[in-house]
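For reference, the structure is listed below as structure tokens.
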Amino acid sequence: MNSQYAIAVHILALVGTSEEPMSSEEMAGSVGVNPVVIRHVTGLLRRGGLLVTRRGVPGAHLARPADRISLLDVYRAVGAPDTVLKRHARPNPACPVGAGIQGVLDEVFGEAQAALEARLAQVRLADVHAALATAGALT
């Protein structure tokens with residue numbers, strides 16, 4: 001998975017804590033990416049039902065309260081893969097390990113993905129805001 005997920009959480013944290021609407025250029029300055037990336041990720045978040053934006057009007061606001069947005073919601077909004085762990089494509093079926101490795105990895109990778117999603121479901125955007133405030137980032 002690329003960095004879109006981390007960028008999406010960063011954008012939501014900015015939008016959820018800013019008192020004034022922020023342009024994509026301002027957000028890009030905080031995130032450290034080109035404004036085009038911000039606009040793309042903001043579009044994903046809008047289509048995912050997490051942000052509300054208006055064409056031609058700078059800024060965005062959360063589509064629902066931060067305590068009702070989980071990090072799993074964000075993960076899904078940015079088009080997260082079914083699994084972050086990928087197995088290799090062509091193990092040798094004539095090899096005893098190659099013949100069985102896919103099934104073993106599928107089980108382990110599936111459990112790992114389920115654990116990741118369960119943890120992301122527990123953390124709310126409001127928790128991110130609280131952690132930023134505790135760290136002194138929001139003063």
Side-chain angles (χ1 to χ4, degrees):
M1 177 172 210
N2 62 26
S3 62
Q4 281 187 345
Y5 177 69
I7 291 169
V9 174
H10 192 140
I11 290 169
L12 291 170
L14 283 170
V15 169
T17 59
S18 177
E19 294 179 17
E20 298 293 324
M22 296 180 76
S23 69
S24 56
E25 288 78 14
E26 291 169 316
M27 289 183 207
S30 176
V31 178
V33 297
N34 189 293
V36 171
V37 173
I38 298 297
R39 289 189 284 275
H40 172 73
V41 175
T42 298
L44 295 173
L45 294 170
R46 184 185 67 251
R47 286 187 291 281
L50 302 179
L51 275 184
V52 176
T53 61
R54 290 184 17 215
R55 182 177 288 271
V57 178
H61 63 273
L62 300 178
R64 55 186 188 255
D67 64 349
R68 292 189 43 229
I69 297 174
S70 74
L71 294 189
L72 181 59
D73 296 330
V74 181
Y75 183 76
R76 289 179 175 152
V78 297
D82 291 335
T83 181
V84 295
L85 301 170
K86 305 285 185 212
R87 55 189 179 132
H88 56 294
R90 294 181 300 272
N92 182 349
C95 169
V97 172
I101 195 71
Q102 300 295 40
V104 172
L105 292 179
D106 284 347
E107 183 177 341
V108 172
F109 290 179
E111 291 170 359
Q113 185 69 29
L116 169 68
E117 291 185 16
R119 179 65 180 130
L120 293 177
Q122 293 174 344
V123 180
R124 304 287 167 186
L125 184 58
D127 299 324
V128 173
H129 293 161
L132 288 167
T134 300
L138 303 176
T139 54

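One-based numbering along the sequence shown. Here the structure is a predicted model, which is why all the values come from computation and not from measurement.
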**OP:** To the nearest 0.5 Å, tell me how far Q113 CD sits from T83 OG1.
**Re:** 4.5 Å

Subject >> Closest approach of Y75 to E117 (non-hydrogen atoms, all atoms of both residues) >> reply: CE2-OE2, 4.0 Å

**OP:** Give a yes or no on whether the backbone of V104 and the side-chain of E107 come within a donor-acceptor separation of less than 3.5 Å.
**Re:** no

Original post:
How far apart are the closest heavy atoms of G48 and A77, and which atoms are they?
Top reply: CA-CB, 4.1 Å

**OP:** Could you grab the distance from atom CG of L14 to atom CG of L132, nearest 0.5 Å is fine?
**Re:** 9.0 Å

Original post:
If you round to the nearest 0.5 Å, how far is NE2 of H10 from OG of S3?
Top reply: 12.0 Å

**OP:** For L45 and V15, run side chain to side chain contact (heavy atoms under 4.5 Å, CB included): C-alpha distance rounded to whole Å, both residues' side-chain angles, the deciding distance at 0.1 Å, then the answer.
**Re:** CA-CA 12 Å; L45 294 170; V15 169; over 6 Å; no

Original post:
Does the side chain of I69 reach to within under 4.5 Å of the side chain of R64, using non-hydrogen atoms?
Top reply: yes

Original post:
Would you say R39 has more than 12 foreign heavy atoms packed within less than 6.0 Å of its CZ?
Top reply: yes

Original post:
Rounded to the nearest 0.5 Å, what separation is found between the CZ atom of R124 and the NE2 atom of H129?
Top reply: 13.5 Å

Original post:
At their closest point, which heavy atom of E26 faces which heavy atom of P21, and how far apart are they?
Top reply: OE1-O, 3.9 Å

Subject >> Separation between CG of L44 and CG of L50, rounded to the nearest 0.5 Å >> reply: 10.5 Å

Original post:
Is V108 reachable from L116 through a run of hydrophobic residues whose side-chain heavy atoms are each under 4.5 Å from the next?
Top reply: yes

**OP:** Give, for atom NE2 of H88 and atom CG of L105, the distance between the pair rounded to the nearest 0.5 Å.
**Re:** 7.0 Å

**OP:** Sort out for me which residue in V41, T42, L62, L71 forms a side-chain contact (heavy atoms from CB on, under 4.5 Å) with L12.
**Re:** L62

Original post:
Is there a side-chain contact between R68 and D73 (heavy atoms, below 4.5 Å)?
Top reply: no

Original post:
Side chains of I11 and L51: closer than 4.5 Å at any heavy-atom pair?
Top reply: yes

Subject >> Nearest non-hydrogen partners of Q102 and P91, listed with the distance >> reply: NE2-CD, 3.3 Å

**OP:** Identify the heavy atoms of V78 and A8 that sit nearest to each other, and give their distance.
**Re:** CG1-CB, 3.5 Å

Subject >> same_hphob_cluster(V84, L120) at 4.5 Å side-chain heavy-atom cutoff >> reply: yes

Subject >> Y5 reachable from L85 in the ILVMFWY side-chain graph, under 4.5 Å edges >> reply: yes

Subject >> Closest heavy-atom pair and its distance - A121, S70 >> reply: O-CB, 3.8 Å

